[in-house]
Q: 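Okay, handing you the structure first.
Numbers here simply count residues along the sequence, with the first being 1.
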Amino acid sequence: MLLNNRVEIAVAGSGKTWGICEEVVNKINNNSQKKILLVTYTNKGIESLKKTYMKQNFGVLHERIIFKTWYQFLLSEFIKPYQKFITNKINYIRSFDFSKQYGYINFKARGNISHYINKSGDVLSNFASELCVDLNEKSDGKVINRLEEIYSDIYIDEVQDLSGEDFKILDLLFQSKLSIKCVGDYKQSTYTTHNTKKNKRITGINILTYFKQLEKEKVIQLKYNLYTKRFGEEICHFANSIFLDDTQKMLPGQGCDVVAENMGIYIIAKKDLEKYYNFYHPQVLKYDIKTSTDNYNSLNFGQCKGMTFDRIIIYPNNVFKDFLVKNKEIKSKTKYYVAVTRSRFSIAFVFDEIFENDNFKKENIKIGDNCINVSKYIANS
């Protein structure tokens with residue numbers, strides 16, 4: 001099999017979106033008249049891809065570059081063109097029904113129209129990828145054949161968000177004549193496309209297992225981009241400590257040699273927070289709505305995925321406090337990893353009082369005209 005299938009595991013801040021768009025800009029000017037499709041999970045991801053592409057193409061979106069969310073991809077490219085193989089009608093399916101993602105038990109047998117589609121003609125989101133796989137089978141491969149006629153390349157960003165029978169769709173794409181490139185970071189698998197028990201052993205943080213097997217079978221080329229351009233060694237070291245046993249350690253790359261005052265990771269006392277906040281205007285982050293941020297405007301860890309800030313403040317929940325104070329392992333690591341990889345210069349954790357341990361040592365730092373006591377992370381500890 002020709003290895004026109006590539007998967008890149010790219011760490012936070014490695015420039016994966018820029019890299020995808022740079023490759024597409026170069027390729028669209030040299031390929032045939034076929035289109036190139038860029039797919040990612042969220043609308044926010046699509047906007048990021050479009051903006052990045054336009055920065056590299058004189059502010060213009062090329063007419064043969066198509067951007068779709070994962071669900072738009074399934075609906076427009078798999079389901080609607082070949083819906084008659086399930087519905088016996090041409091224009092029966094409308095959109096998706098996301099209301100039954102949690103707690104819904106599907107008693108309808110697979111292959112039955114009501115297994116996939118509600119009475120209003122909307123596809124049940126948890127069974128959309130099943131429908132796509134079945135439509136391709138029932139149409140004798142026409143779904144994939146059609147994609148081969150329209151597109152030369154398909155790029156899938158944030159591939160770690162896929163779940164369930166999405167992996168069967170990937171398998172179909174990998175077996176096609178299309179050039180497929182998937183990019184993502186299993187350490188940032190905070191979302192999944194749908195709620196399912198299928199393929200749990202290769203979903204989210206475990207997706208690397210799936211790709212390693214495909215590499216072994218010579219279905220894909222697997223590449224690692226471990227160099228971040230967002231921040232320096234100290235934040236790299238701290239982020240790596242969340243995934244302490246993982247062998248793919250993040251490293252500072254080119255562009256990480258920027259020098260700013262008070263760079264690094266700090267514990268800051270609440271009494272000094274106002275001085276720090278008013279001077280630096282950092283972004284405040286919290287795990288979820290249950291964590292108080294003392295009326296500072298904030299984002300949840302999941303919301304900040306894909307964002308970059310100069311400086312952040314984190315109000316740690318009890319899990320994060322145990323990690324910082326007692327060096328206790330975090331079990332569900334991905335949201336915490338996402339949070340600590342957002343900042344270019346500094347991360348400040350808010351506590352009632354500062355403290356010292358094997359990882360943090362007290363020191364005095366200057367904030368504008370003020371000096372405050374903090375505990376600073378020791379990266380080589």
Q: Given side chain to side chain donor-acceptor pair (under 3.5 Å), test Thr293 with Lys286 step by step and report yes or no.
A: CA-CA 7 Å; Thr293 57; Lys286 63 181 185 294; 5.3 Å; no
Q: I need the Phe279 CZ to Lys366 NZ distance, nearest 0.5 Å.
A: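 One finds 9.0 Å between CZ of Phe279 and NZ of Lys366.
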Q: Give the minimum heavy-atom separation between Ser375 and Lys362, together with the two atoms involved.
A: OG-CG, 3.7 Å
Q: Any Lys/Arg nitrogen of Glu23 or Lys181 sitting under 4.0 Å from an Asp/Glu carboxylate oxygen of the other?
A: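 Between Lys181 and Glu23 there is a salt bridge, with a charged N closer than 4.0 Å to a carboxylate O.
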Q: Assess whether a salt bridge exists between Lys35 and Glu63, defined as any Lys/Arg side-chain N lying under 4.0 Å from an Asp/Glu carboxylate O.
A: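 Here Lys35 does not pair with Glu63 in a salt bridge, since their nearest N and O are not under 4.0 Å apart.
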Q: Test side chain to side chain contact (heavy atoms under 4.5 Å, CB included) on Val340 and Tyr336 and set out the steps.
A: CA-CA 6 Å; Val340 303; Tyr336 298 91; 5.7 Å; no
Q: Ion pair present between Lys305 and Asp161, side-chain N to carboxylate O less than 4.0 angstrom?
A: yes
Q: Assess whether a salt bridge exists between Glu274 and Lys270, defined as any Lys/Arg side-chain N lying under 4.0 Å from an Asp/Glu carboxylate O.
A: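 No, no charged N to carboxylate O under 4.0 Å.
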Q: Report yes if the distance between the aromatic ring centroids of Tyr71 and Phe96 is under 6.0 Å, otherwise no.
A: yes
Q: Any salt bridge linking Asp97 with Lys100? Criterion: basic side-chain nitrogen under 4.0 Å from a carboxylate oxygen.
A: yes
Q: Do Lys376 and Tyr266 form a cation-pi contact, if we require the NZ or CZ to be under 6.0 Å from the six-membered ring centre and within 45 degrees of the ring's axis?
A: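 Cation-pi check for Lys376 and Tyr266: passes.
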Q: Between Phe351, Phe349, Phe323, Tyr377, which is the residue that forms a ring-ring contact (aromatic ring centres under 6.0 Å, His included) with Phe360?
A: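 Looking at Phe351, Phe349, Phe323, Tyr377, the match for Phe360 under the ring-ring contact (aromatic ring centres under 6.0 Å, His included) is Tyr377.
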Q: Does the Lys NZ or Arg CZ of Arg311 fall within the cation-pi geometry relative to Tyr280 - under 6.0 Å from the ring centre and within 45° of the axis?
A: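 Judged by the rule, Arg311 and Tyr280 form a cation-pi pair.
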Q: Per the side-chain hydrogen bond (donor to acceptor under 3.5 Å, both in side chains) rule, which among Gln283, Arg344, Arg230 passes with Thr308?
A: Arg230
Q: When you look at Phe231 and Phe345, which way does the ring pair (Phe, Tyr, Trp, His ring centres under 6.0 Å) test go after all the steps?
A: CA-CA 6 Å; Phe231 41 75; Phe345 302 137; over 10 Å; no
Q: If the test is side-chain contact (heavy atoms from CB on, under 4.5 Å), which one of Leu37, Ile154, Ile150, Leu38 qualifies with Ile66?
A: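 Result: among Leu37, Ile154, Ile150, Leu38, Leu37 is the only option passing the side-chain contact (heavy atoms from CB on, under 4.5 Å) with Ile66.
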Q: Would you please classify the geometry between the His281 ring and the Tyr277 ring as parallel, tilted or perpendicular, with 30° and 60° separating the classes?
A: perpendicular
Q: Would the Tyr82 and Phe78 ring centres measure less than 6.0 Å apart?
A: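 Between Phe78 and Tyr82, which both carry aromatic rings, the centre distance is not below 6.0 Å.
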Q: Do Lys187 and Phe243 meet the cation-pi criteria used here (NZ or CZ under 6.0 Å from the six-membered ring centre, within 45° of the axis)?
A: yes
Q: Run the salt-bridge test on Asp134 and Lys138 with the 4.0 Å N-O cut-off and return the result as yes or no.
A: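 Looking at Lys138 together with Asp134, the answer is no, because their closest N to O distance does not fall below 4.0 Å.
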Q: For side chain to side chain donor-acceptor pair (under 3.5 Å), just list the numbers for Asn317 and Lys290, CA-CA rounded to whole Å, side-chain angles, deciding distance to a tenth of an Å, and then say yes or no.
A: CA-CA 9 Å; Asn317 61 0; Lys290 297 177 184 177; over 6 Å; no
Q: Can you list the steps and then say if Gln213 with Glu215 is a side chain to side chain donor-acceptor pair (under 3.5 Å)?
A: CA-CA 5 Å; Gln213 182 60 35; Glu215 180 189 36; over 6 Å; no
Q: If the plane angle is over 60° it's perpendicular, under 30° parallel, otherwise tilted; pick one for Tyr315 and Tyr296.
A: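 Rings of Tyr315 and Tyr296: tilted, 30 to 60°.
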Q: Which value, rounded to the nearest 0.5 Å, describes the distance between Tyr227 atom OH and Cys236 atom SG?
A: 10.5 Å
Q: So, are Lys108 and Glu130 salt-bridged, with charged N and O less than 4.0 Å apart?
A: no
